[in-house]
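Below is one structure, written out as structure tokens; comments come after it.
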2 protein chains.
Amino acid sequence: MQKKTSHAAGLHRASLKKLHDLDAALELMYYGWRGMTLSADEYLATLGLSRPHHRILYVVARQPDISIGSLIEILGISKQAVNRPLGLLLERKLLISKRSPEQHRSKLLRLTEAGQRIEQRASGYERKVLREAFDRVGPPGAAAWMAVMGAIADSN
Amino acid sequence: MQKKTSHAAGLHRASLKKLHDLDAALELMYYGWRGMTLSADEYLATLGLSRPHHRILYVVARQPDISIGSLIEILGISKQAVNRPLGLLLERKLLISKRSPEQHRSKLLRLTEAGQRIEQRASGYERKVLREAFDRVGPPGAAAWMAVMGAIADSN
DNA sequence: TTTTTCATGTCAACATAGTTGACGTTAGGA
DNA sequence: TCCTAACGTCAACTATGTTGACATGAAAAA
């Protein structure tokens with residue numbers, strides 16, 4: 001049996017020599033992303049679900065009766081990549097797809113109550129992390145964070 | 001041929017109904033991460049490399065003569081997962097491993113000049129995105145961003 | 001009306017990044 | 001010396017994504 005290096009050893013944030021003044025910020029982005037998603041991912045894993053499933057649930061929760069095509073556009077992955085996680089969610093009845101009789105061309109997705117519960121809880125873990133961090137710096141800090149992230153997000 | 005939905009359709013940030021006040025922040029984290037890594041990933045792809053290769057190069061650049069074991073601990077993935085990308089980097093001579101004659105138990109990793117160039121450039125794309133965002137909000141905003149990200153990163 | 005076009009969704013094959021398990025080798029402590 | 005544990009490698013598997021091929025239904029053009 002392997003003892004110490006077998007499992008994902010805990011993040012180990014810090015301790016790297018900084019070659020540039022922005023290295024610290026760069027690493028913060030990495031560990032921040034991990035920090036936000038960690039507890040949600042652990043919860044999802046207990047249900048046999050993971051990040052892609054959550055992303056689908058998140059979007060459908062906020063846009064009921066969305067078509068698969070629009071879902072794909074928002075997620076930014078190929079329709080084939082959506083297919084398997086989507087299939088699992090349908091099979092587990094966390095969401096349902098109906099075709100409206102007259103718009104037979106696309107399927108409309110909607111969360112079931114079970115799906116809503118899971119989405120709520122998983123996203124709740126992520127929001128909790130954000131809320132605590134925001135509380136620690138106060139509203140001006142939170143606003144600054146949003147401004148920086150907006151600038152980064154729009155940089156492409 | 002597929003027309004519109006075949007490739008990763010561009011992010012589409014926004015436009016989702018917000019169910020909670022922190023939903024916007026949550027989405028910003030997602031798109032921020034994408035925004036920061038996008039151009040670096042595109043550059044790496046032209047070389048047949050990707051994110052895991054870059055992470056290895058990044059760490060080794062900042063800790064020359066690191067052992068594989070320590071590398072694993074910092075990256076937070078299993079040693080087996082490191083094995084393949086590491087092998088490619090060695091094969092391409094972007095880094096070299098030497099065993100010191102007396103410490104025969106572990107290999108020491110170090111970047112070659114070619115490896116340094118690629119690491120510089122890839123990380124440079126990421127820093128550029130951060131720098132531009134920081135410039136837009138000024139030093140206090142940047143400091144606030146760092147504070148929030150630090151709190152998030154340490155939340156586990 | 002018939003034909004063509006195209007968005008839509010599904011299936012199959014493949015690539016990549018991660019996991020666990022098994023194992024050989026080396027170093028160091030009892 | 002011998003036993004244990006760290007180190008690293010190889011093989012097999014899972015999951016998330018990719019492209020390609022294709023069936024189907026709606027709508028537009030002929």
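Side-chain atoms of K18(B) come within 3.5 Å of backbone N or O of L16(B) as a donor-acceptor pair.
Rounded to a whole Å, the CG atom of N83(B) is 11 Å from the C1' atom of dA11(D). Between the CG atom of L44(A) and the P atom of dA15(D) there is a distance of 15 Å, rounded to whole Å. At whole-Å resolution of the value, CG in L71(B) and C1' in dT9(D) are 15 Å apart. Between the P atom of dG9(C) and the CG atom of L108(A) lies a distance of 9 Å, rounded to the nearest Å. Put simply, NZ on K107(B) is 14 Å from C1' on dG24(C), counting in whole angstrom units. As rounded to whole Å, 16 Å separates atom C1' of dG9(C) from atom CD of E73(A). With rounding to whole Å, I68(B) atom CD1 is found 6 Å from dG8(D) atom C1'. When rounded to the nearest whole Å, the span between CG of L88(A) and P of dT14(D) equals 15 Å.
K79(A) has no side-chain polar atom (N or O) that falls below the 4.0 Å cut-off from OP1 or OP2 of dG20(D).
Partners of R121(B) by side-chain hydrogen bond (donor to acceptor under 3.5 Å, both in side chains), not counting sequence neighbours, listed by chain and number: Y125(B). For E132(B), the side-chain hydrogen bond (donor to acceptor under 3.5 Å, both in side chains) criterion is met by K128(B), not counting sequence neighbours. The side-chain hydrogen bond (donor to acceptor under 3.5 Å, both in side chains) search around T112(A) returns none, not counting sequence neighbours. For D23(A), the side-chain hydrogen bond (donor to acceptor under 3.5 Å, both in side chains) partners are R62(B), R127(B), not counting sequence neighbours.
Nearest-nucleotide assignment on DNA chain D puts the 5′-proximal partner with L86(B), out of L86(B) and V82(A).
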Kindly list each side-chain donor-acceptor pair under 3.5 angstrom involving residues 65-72 of chain B, sequence neighbours excluded, with atom names and distances?
residue, atom, partner, partner atom, Å
D65(B), OD1, R110(B), NE, 3.2
D65(B), OD2, R110(B), NH2, 2.7
S67(B), OG, S70(B), N, 3.2
S67(B), OG, S70(B), OG, 3.0

Which protein N or O atoms sit under 3.5 Å from an N or O of nucleotides 16-18 of chain C?
residue, atom, partner, partner atom, Å
dA17(C), OP1, S50(B), OG, 2.2
dG18(C), OP1, R55(B), NH2, 2.6
dG18(C), O6, R84(B), NH2, 2.5

